[in-house]
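Values below: every heavy atom of this structure, side chains too, minus hydrogens, waters and symmetry copies. Order of the sequence lines sets the chain letters (A, B, ...), proteins ahead of strands, with each chain counted from 1.
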Amino acid sequence: MYSHGSESLIKQAREIREPELQKFYSRLLKLLPGKEPGHETVDSLQRLHLILSATKYTRSLPPELQRRLQSLLSSQVEQLQVLCSAVLRETLPPPGQDENHSQDVSGPQNSHAASLLLSQAGSRADLSSLCAQLLRGLESRPSEGLAHSFTHSLPVLNTVLSHGPQSLTEDHITLLSKKLVDWLRYASTMQGGGASTGGFFTGPRSRQPGPIAELDGTVSGDFFTVLCVGQGFTEDQWMNVYSFSMLRHWLLTYHSVSNGNTAVDTDDRSEVDGSVVSMVSVTSSSSRLLPPRERLREKAFQYCQRLIEQSDRKAQKRSDTELQKACLVEALCILDTVCVEDASLVYRTFPCVKALYGRLSPDLSYARVLLPIAQFYLNHGEMAAVDCECVWVLLFGRFPAELFNDPFLAHELLRFLRQNLEDLQLRVPKYIRSFPNLLKFLAWDSPAVVEDFVDLLPSLVTAGTAIELLHSLLDLPCLSATLVLQLRSTYLPISESGGHGLPSMEAFRSPSFRGLFLFMLRGESGSGDTIDRLSKLHELLTGAADWPRVIQCAQTVPVLLHVYFNTVVTIADEKLLSHLILVLLERSGLLLNMPKYIKEIHRVFSCHLLRLCKLRPSLVVDQSHELLEFAGTTANVYSKEEMYTHVVWVLGEYLSVSRDSRCSVKLITSCFETLEVVLFEVTSSAPPPGADLPAPRVVTTLMSALAKLASRSHDLIPRVSVFLSKLRTITKGGSVPWCADEDDLVAIVTRGEELWSLLKTPGVAQSVLTPPPHVTTPQGHRDTNVAMLLQLRTLTSLTHWHPH
Amino acid sequence: MHKAGAMRNGHLTNTEVKRHYKQTCRTKSALLDVNKRPFYVFPYIDENMVRCFLIHTICPVNTLGPGESRVLYSRVFGPDDSPQFGRNQERSPEEKRLLQKERLAVVARQVRSAASLSREAWGRVLVEMVPGEEALALQEADGGVLRLRAGDPFSAEVSVLWVAVQSLAFALVCEAHENLLLAEGTLRNLTRHCLEHLHMLGSGSEVLLKSDRIDVLLSRLLPHGQLLFLNHRFAQSLEKDMASYMAK
């Protein structure tokens with residue numbers, strides 16, 4: 001589809017030299033006056049557009065050419081309008097252009113000229129005058145010839161409204177509101193002139209073949225809407241389409257136009273002077289007396305009600321079935337908007353919305369329509385005293401469980417959650433409980449929704465869910481694999497199981513493992529934090545570790561874990577924090593076998609283990625048993641280097657009376673002995689077969705930790721000294737089986753010597769290695785006596801620098 | 001002790017996590033790096049309907065870096081997204097244009113990344129299609145939606161809908177509250193017309209040399225970025241009108 005030819009065209013367009021370009025301009029200038037554009041003219045304009053648009057830098061045209069193009073915008077030939085508009089959009093507006101189009105009373109002649117004006121509108125004044133022109137055009141009764149300018153007016157006005165609502169005045173709002181009422185509610189109910197004429201809105205209105213029809217083919221008995229069909233359409237029917245298309249935006253933003261100028265407009269000429277006379281005046285007489293804005297609101301309400309009715313009809317075309325859904329979404333959003341503005345409408349709207357919910361909720365193909373219904377329930381259910389529970393059961397239950405692979409539903413549902421987060425947290429307990437279900441969106445299509453989960457995750461972390469949520473995040477790749485299996489198993493007939501070389505699929509279908517997979521697929525939290533046979537599940541899913549979807553999922557977990565930990569520390573009490581540490585230690589060895597993933601998770605764990613301990617040093621004493629068990633397992637040195645280093649550092653740093661008065665000599669000694677054994681083991685032999693050499697960092701961290709502990713219990717000092725002196729002797733030979741790099745070895749030995757000499761003066765060693773906590777706080781700088789310690793500490797950390 | 005440094009480095013706030021993620025996990029340009037982002041983050045509320053439509057490559061192009069994309073057609077609706085009436089008034093039109101092109105490039109890169117990840121996840125094998133098979137190509141096309149945060153690169157949050165046909169993607173950048181069901185239908189409709197009227201399944205370069213055709217399609221199906229509720233009769237009427245333009 002994209003050829004070398006195209007690429008070289010772009011290259012040529014970018015690299016065209018100035019003299020060549022000037023020649024091209026003058027040739028084009030000669031071509032342009034022609035009344036009927038020849039092939040060469042069109043071709044040249046197309047090339048000019050490519051030359052201008054292919055570069056991100058601005059090229060300027062010769063003024064003469066620019067003027068010529070500007071004048072051709074009002075050419076009778078659409079192709080010239082289009083090309084000139086496109087070319088001029090890529091250039092800068094000539095100075096003084098503002099006045100040009102302000103003087104042009106009739107406004108832009110066509111849609112293409114209007115789009116140029118919009119794209120180059122540089123100031124509010126530009127937009128204001130454009131608005132005024134367009135509205136003048138709308139006010140005057142349209143003649144057939146002006147039909148074109150009429151249809152593009154509404155989208156242009158809508159654009160102006162979004163970019164500079166200040167450009168519209170109160171009078172503009174009133175006028176446009178009246179016009180919209182006319183087009184929405186009183187468009188012709190007879191079919192337009194035959195579609196055979198082929199023109200754009202230019203079909204003669206002389207012949208009217210009959211009444212309009214509904215999408216199912218029956219004759220329409222009520223006013224015209226976008227869901228009505230005919231052989232051809234009249235102009236006001238086209239305006240009906242445009243009006244409805246911009247209605248929601250208009251209702252949402254016309255408030256920003258005036259600032260409280262709400263003098264009631266009792267002038268209701270629109271009914272009399274309206275450009276379009278209603279064919280079916282079924283309007284209630286009371287609504288005639290309403291001021292224009294309220295009247296528009298009332299008509300919008302009626303229009304939406306009718307759309308909801310019409311969407312129940314069975315459309316003959318599939319594309320129209322889709323349109324019905326889109327109309328329902330729009331109608332529900334508009335109803336929500338008008339109900340927010342005028343609460344009295346809530347009671348009139350709810351029966352209809354409720355009935356619609358009843359009709360659509362069993363059919364999941366309407367899921368995306370049910371989201372605005374849910375929004376309506378959330379916004380107005382309380383006021384109308386309507387029970388919303390059923391809506392949440394659907395939204396947090398069936399939707400994620402059955403539609404997790406619909407990217408659009410995922411996007412919209414997650415957006416709904418983000419936008420209503422506060423309300424949901426407060427009023428819908430089911431939201432938080434449903435996190436295992438919601439995570440399915442993440443597990444299925446992680447790259448697309450991870451941004452949403454970064455925003456949502458903090459709201460799901462509560463004291464009650466924290467531990468289960470952590471397990472769920474860690475097993476997200478398993479959930480991803482399980483969802484793949486679930487989906488595949490619905491496609492593959494049971495008889496073919498195993499035929500596809502997927503052992504995980506067989507496991508998925510095996511009754512003996514059903515419990516494991518069902519836990520993964522659970523919809524709500526609360527049935528246990530995790531499962532006993534997790535390692536079995538990991539084993540069954542080993543084959544899934546290289547599935548692209550599972551890999552993509554695994555890549556997002558570290559990000560979310562950071563968000564999780566950042567949140568959990570703000571809500572957790574002592575007990576929960578202790579529990580978290582246990583989970584970290586346990587889960588560091590219990591992850592789906594994906595080496596990169598495991599490494600990343602260990603990194604995140606290490607980072608947050610430090611933070612937790614720094615936040616509450618007493619945690620180290622509380623959990624000393626488990627931490628020591630972890631640190632005493634030599635195998636961890638090789639398989640969990642990152643975690644291991646951090647656990648050892650935490651023990652050395654925080655097992656101190658100055659951090660926690662419960663820290664006894666016995667505890668310090670037991671920790672010392674545990675670490676001593678490991679250090680001895682690691683430095684006395686080669687690693688076990690299959691394992692890498694221990695990282696030099698592990699060795700130095702162990703040495704530092706031992707020195708720190710010894711400085712707090714001086715009886716231990718001789719034991720460290722003996723070890724350190726031995727280390728020096730052993731390494732004199734130059735090579736050891738546990739360290740391959742000579743520089744590393746030198747660094748390790750140097751560190752050992754520093755610690756050794758520091759320990760020779762125990763008093764200094766203690767104040768350097770275990771400074772009182774206040775030293776590290778900022779006030780330390782002010783006290784010269786304490787600052788000394790800080791300096792020493794800094795020096796120590798400098799000398800402890802190591803190559804890794 | 002040296003860990004103190006590691007801890008400072010390792011400790012990320014949630015905002016930093018988001019930033020970090022952007023820098024590492026996705027292929028984004030320096031433009032999206034909050035620290036390096038130039039100067040267009042501003043408190044400006046904007047609710048335009050559809051911001052832009054673009055067609056760009058999602059296949060490797062030998063003159064571009066990996067992950068880069070060639071924008072073949074782009075159309076931005078309405079005035080420039082940057083604040084014209086405010087403190088940044090002094091920004092020159094050239095700068096605005098440059099920023100706009102950069103923003104489109106960001107969208108293209110994001111869509112490219114999303115489309116490749118989606119194809120990878122599904123394990124899709126692309127089958128070459130030839131002119132005449134437009135309907136089938138569209139039926140087989142991948143599609144999706146992605147969210148771009150406010151200021152990243154548009155002033156407000158947007159949803160980008162995309163359809164990936166073979167080596168090209170068609171994308172609509174919509175305001176976050178937009179009716180995405182309608183937008184999705186419109187994008188598919190536009191894509192079908194582009195494929196047909198510009199013979200995009202072939203190897204020609206009409207998408208570059210006959211871009212006025214796309215302008216005309218947009219002026220009917222998405223006038224000034226306004227999504228339209230068109231039932232099949234309205235759509236047919238517009239199609240006739242568009243076909244008569246293409247026939248000239």
Side-chain angles (χ1 to χ4, degrees), chain A residues 1-3 5-6 9 46 49-50 56 58 82-83 86 92 111 115 118 121-122 124 152 155-156 158-159 162-163 195 198 200 226 229 241 244-246 317 319-320 322-323 325-327 329-330 368 407-408 411 447-448 451 454 548-549 552 555 559 562-563 566 607 610-611 649 796-797 800, chain B residues 1-3 7 10-14 17-18 21 25 46-48 57 59 61 63 78-79 84-85 93-94 97-98 101 117 120-121 144-147 166-168 179-182 185 200-201 203 205 208-212 215-216 219 223-224 226-229 231-234 237 240-241 244:
Chain A
M1 287 175 89
Y2 186 62
S3 61
S6 304
L9 269 175
Q46 280 163 337
H49 178 254
L50 177 62
K56 57 183 171 182
T58 319
V82 177
L83 282 165
L92 302 181
S111 171
S115 71
L118 277 179
R124 196 186 303 173
H152 74 250
V156 172
N158 212 8
T159 307
S162 6
H163 285 268
F200 185 55
V226 295
V229 289
V241 172
F244 177 66
S245 300
M246 73 174 282
K317 293 267 175 188
S319 63
D320 286 342
E322 292 305 305
L323 183 71
K325 286 182 193 169
C327 283
V329 169
E330 193 75 4
R368 288 169 70 188
F408 296 98
H411 177 84
E451 293 263 354
V454 165
R549 195 176 291 284
Q552 287 176 12
Q555 283 166 350
V559 183
H562 278 300
V563 176
N566 288 341
C607 154
L610 283 189
R611 285 188 65 205
W649 188 84
T796 319
S797 66
H800 283 193
Chain B
M1 288 169 267
H2 57 270
K3 282 297 180 305
M7 189 144 63
H11 172 198
L12 300 171
T13 63
N14 282 355
V17 170
K18 289 175 198 171
Y21 178 75
C25 296
D46 187 355
E47 295 191 49
N48 194 25
T57 61
C59 56
V61 175
T63 48
Q84 297 100 18
F85 333 116
E94 286 90 348
R97 179 184 150 91
L98 190 63
K101 294 268 178 190
L117 287 167
E120 187 186 284
V145 52
L146 55 101
R147 164 194 175 201
Q166 307 277 316
S167 56
L168 296 183
N179 185 331
L180 292 187
L181 260 172
L182 183 63
M200 292 178 74
L201 289 180
S203 58
S205 305
L208 296 175
L209 289 174
K210 296 204 171 148
S211 59
D212 58 306
D215 287 331
V216 166
S219 76
H224 306 283
Q226 175 73 59
L227 293 169
L228 294 177
F229 290 84
N231 63 44
H232 79 278
R233 282 292 183 186
F234 279 104
S237 161
K240 251 181 218 157
D241 178 47
S244 78

From CA spacing to verdict: side-chain hydrogen bond (donor to acceptor under 3.5 Å, both in side chains), B:His224, A:Ser115: CA-CA 7 Å; B:His224 306 283; A:Ser115 71; 5.1 Å; no
Spatial distance of atom CG (B:Leu117) from atom CZ (A:Arg549) [nearest 0.5 Å]: 10.5 Å
Spacing of CD belonging to A:Gln46 relative to CG belonging to B:Leu208, to within rounding of 0.5 Å: 11.0 Å
From B:Asn231 atom CG to A:Ser319 atom OG, the distance as rounded to the nearest 0.5 Å: 8.0 Å
Proximal component of B:Leu201, with respect to chain A [non-hydrogen, under 4.5 Å]: both
A:Glu330 versus chain B, the contacting section by heavy-atom distance below 4.5 Å: both
Distance in Å, A:His411 NE2 paired with B:Arg147 CZ, rounded so as to fall on 0.5 Å steps: 8.5 Å
Student check: side-chain heavy atoms of B:Leu180 and A:Phe408 closer than 4.5 Å: no
Heavy-atom side-chain contact between A:Ser245 and B:Gln226 under 4.5 Å: yes
Closest non-hydrogen atom pair between B:Pro223 and A:Pro155, with its separation: O-CB, 3.5 Å
Top contributor to chain B interface from A:Thr58, A:Val156, A:Val226 [non-hydrogen pairs under 4.5 Å]: A:Thr58
Distance-minimising heavy-atom pair for B:Val216 and A:Val82: CG2-CG2, 3.6 Å
Heavy-atom closest contact (B:Asn179 atom, A:Ala326 atom, distance): ND2-O, 3.0 Å
Distance, nearest 0.5 Å, that separates CG of B:Leu181 from CZ of A:Arg368: 4.0 Å
Atom group of A:Lys325 that falls short of 4.5 Å from chain B, counting heavy atoms: both
Which atoms of B:Thr57 approach chain A - backbone, side chain, both or neither, heavy atom under 4.5 Å: side chain
Separation between NE2 of B:His232 and CG of A:Asp320, rounded to the nearest 0.5 Å: 5.5 Å
